[in-house]
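Take a look at the structure set out below.
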Amino acid sequence: MAYTVTISNRDNVRYQVDGKRSLLDSLRDRAVDLPYGCKYGGCITCAAKLTVGEVDQRRQVALNNRQINDGYVILCVARPTSDITIEIGVESHDKLYRNPFLDPLKPYELKADIAAPKEA
Amino acid sequence: MECCGPGYSSPADAVKAPQEKLLYTIAIYTGTGIQKPDYLATVDVDPDSSTYSQVIHRLEMPGIGDELHHMGWNACSSCFEDTSMARKYLLLPGVRSNNIHIIDTATDPRAPRLHKVVDGNEIKSKTNLSGPHTVHCLGSEIIISMLGNAKGEAPGGYLYLNKDFEILGRWENSMGDIKFGYDFWYQPRHNVMVSSEWAAPNTFMPGFDLEEVGHLKYGREIHFWDFEKKVPIETMYLGEDGLLPLEVKFHHDPDSTHGFCGAALSSNVIHWWKDNSEKWQWEKIIDVENEPHPEWPIPVPGVMSAILVSMDDKYLYLNNWLHGDMRQYDISDPHNPVLTGQVWMGGLLGKAPEVNGVKVAGGPQMFQLSLDGKRLYVTTSLFSTWDNQFYPEIREQGGIMIMIDCDPVSGGMTINPDFIVDFGQEPNGPSRCHEARYPGGDCTSDIWL
Ligand code: FES
């Protein structure tokens with residue numbers, strides 16, 4: 001399945017990408033300059049912000065639930081499952097990093113493997 | 001003496017080495033938003049040179065996104081009697097990429113060149129390891145602590161390379177019940193290695209979630225190994241006194257059993273030694289109190305991310321990355337350290353926002369001491385994602401390197417007014433410097449057999 005990826009902070013440039021490949025691979029093949037490190041979804045270097053649409057990023061282990069709720073996606077493992085709009089690079093990282101002493105996570109905002117269920 | 005291999009015959013001999021003229025530090029763009037490779041910077045530290053206190057050469061790595069961090073030599077004083085060995089290559093692991101860059105610093109010490117890259121994917125496929133950290137050489141071989149398996153899960157293990165930098169496999173015969181890896185140091189005369197614990201790469205690389213400490217995702221133990229058998233034999237549970245036990249150092253004196261560990265989050269120094277009945281003991285000898293902050297609901301911990309023991313084993317240096325101070329303790333009696341020096345640079349407490357006319361982003365973090373114990377070079381960045389959390393302004397300002405004049409006789413430290421390297425002014429934009437080493441070996445590289 002092919003989907004359209006729009007990069008909102010690069011003049012809304014659009015690319016058609018394959019839903020079976022990671023967004024990092026697809027976009028780098030089209031010469032989009034993207035940061036990356038581990039390439040297995042563990043180090044957060046490649047994080048981008050998803051503003052429209054859906055991705056499958058079940059393989060990522062870098063993000064906590066707050067970061068996921070804020071729209072972050074890990075491009076090295078995420079595959080689009082619809083047309084999407086993303087913001088890339090450090091400009092999109094405004095909410096990615098927080099001082100852990102000043103702004104603690106709630107139990108349900110931890111990483112998936114240790115998060116408590118959100119109370120209703 | 002007519003031998004000799006690399007290094008010095010003894011720590012006392014090392015103290016007498018000529019003054020360092022060059023220093024290498026890694027500088028990163030990973031995580032900064034600048035799409036350039038990390039690099040090895042050569043800094044001129046010769047006070048008589050016209051380029052003193054400047055970066056005089058930059059060796060870029062072949063790829064981007066490595067996150068260079070710590071580094072180590074191919075050979076040290078443990079090969080002093082082996083004339084076939086030379087301290088020629090500096091190993092620069094990329095924590096994120098897993099690549100290990102082998103840098104030839106001998107052909108032209110001012111302009112190091114890339115000799116070889118041990119490919120990160122090959123390391124993963126041959127050893128199931130990732131997240132390289134500390135590099136030590138063992139005679140003619142090299143071991144590197146690796147903090148995770150190929151998927152970034154703890155505990156990882158130790159990568160074993162031969163002197164031609166070929167992968168021999170894993171060094172250890174067992175990781176026992178060890179949960180995490182980080183730093184290690186060994187004392188061959190006592191057949192002991194001590195290793196410490198940070199966290200799994202998948203835990204620490206994305207940044208620091210404080211709550212994960214309570215969920216036991218970060219370490220609080222140190223481990224004693226049978227060095228020859230390559231198996232851990234005893235664990236010290238440090239508990240709340242030893243949260244995030246990071247750097248471990250033995251005395252340089254090869255006969256000593258005394259060693260030290262800096263527990264970063266607890267901001268304590270742990271001391272260990274072997275008692276008269278041949279049992280390993282430990283105690284907390286330094287406890288840096290958390291400090292109140294005008295805007296914080298809780299007091300700020302020091303975050304002691306590094307420690308260093310002077311070549312004569314007289315002084316221990318430590319940093320408090322969030323407070324902003326560097327300290328010197330006289331550890332002549334290792335059970336009773338005495339604070340003999342303290343200086344401030346950066347930090348969150350606002351005590352020294354500027355040093356030598358440069359605004360400091362970050363706090364004192366990594367440091368290297370001259371062999372004679374007189375000059376301590378200090379940098380400010382910890383790890384890209386953690387920098388971004390605690391000191392977001394480092395993105396625009398970059399890291400700095402300063403020098404502290406230390407009195408190795410009666411103690412005391414002062415920031416040298418003539419030395420500062422501002423990595424905020426680098427040609428490709430602000431970068432962040434971290435660990436530093438000298439061409440001739442330094443206070444955190446050499447071990448004596
Ligand atoms: S490159 Fe490490 S999480 Fe994507």
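A, B, ... follow the sequence lines: proteins, then strands. Residue 1 opens every chain.
- If you check the side chains of B/Y391 and B/Q397, you find no donor sitting under 3.5 Å from an acceptor.
- For B/A200, no part lies near chain A; criterion is any non-hydrogen pair under 4.5 Å.
- Put simply, the side chain of B/M61 reaches to within 4.5 Å of the side chain of B/L92, judged on heavy atoms.
- Atom NZ of B/K179 sits in a sparse spot, with 12 or fewer heavy atoms from other residues, nucleotides or ligands closer than 6.0 Å.
- Contact of B/T32 with chain A is made through the backbone alone, with heavy-atom distances under 4.5 Å.
- Side-chain atoms of B/S384 and B/R96 include a donor-acceptor pair closer than 3.5 Å.
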Check the pair B/K217, A/D113 against salt bridge (Lys or Arg N to Asp or Glu O under 4.0 Å), reporting the backbone distance first and the verdict last. CA-CA 11 Å; B/K217 294 270 189 176; A/D113 61 329; 2.3 Å; yes
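- Heavy-atom distances place the side chain of A/L110, and not its backbone, under 4.5 Å from chain B.
- Heavy-atom pairs under 4.5 Å with chain B were tallied for A/A62, A/P107, A/P100; the largest tally goes to A/P100.
- B/K151 touches chain A through its backbone: at least one of N, CA, C or O sits under 4.5 Å from a heavy atom, while the side chain does not.
- More than 12 heavy atoms of other residues, nucleotides or ligands shown are found within 6.0 angstrom of CD on B/E393.
- Only the backbone of B/E295 comes within less than 4.5 Å of a heavy atom in chain A; its side chain stays farther off.
- Only the side chain of B/L322 comes within contact range of chain A, judged by heavy atoms closer than 4.5 Å.
- Residue B/K36 does not touch chain A at all, counting heavy-atom pairs closer than 4.5 Å.
- Of the two parts of B/D209, the backbone and the side chain both hold a non-hydrogen atom closer than 4.5 Å to a non-hydrogen atom of chain A.
- In this structure, chain A has a heavy atom under 4.5 Å from the side chain of B/P301, while its backbone stays farther away.
- The ring of B/F383 has its center closer than 6.0 angstrom to the ring center of B/F204.
- Of the listed residues A/T45, A/L102, A/D103, A/N64, the one with more heavy-atom pairs under 4.5 angstrom with chain B than any other is A/L102.
- Two rings, from A/F101 and B/W296, have their centers less than 6.0 Å apart.
- For the options B/Q389, B/H215, B/H293, heavy-atom pairs under 4.5 Å to chain A are most numerous at B/Q389.
- In terms of non-hydrogen atom pairs under 4.5 Å with chain B, the most contact-rich of A/C43, A/G41, A/G42 is A/C43.
- Aromatic ring centres of B/W321 and B/F390 lie closer together than 6.0 Å.
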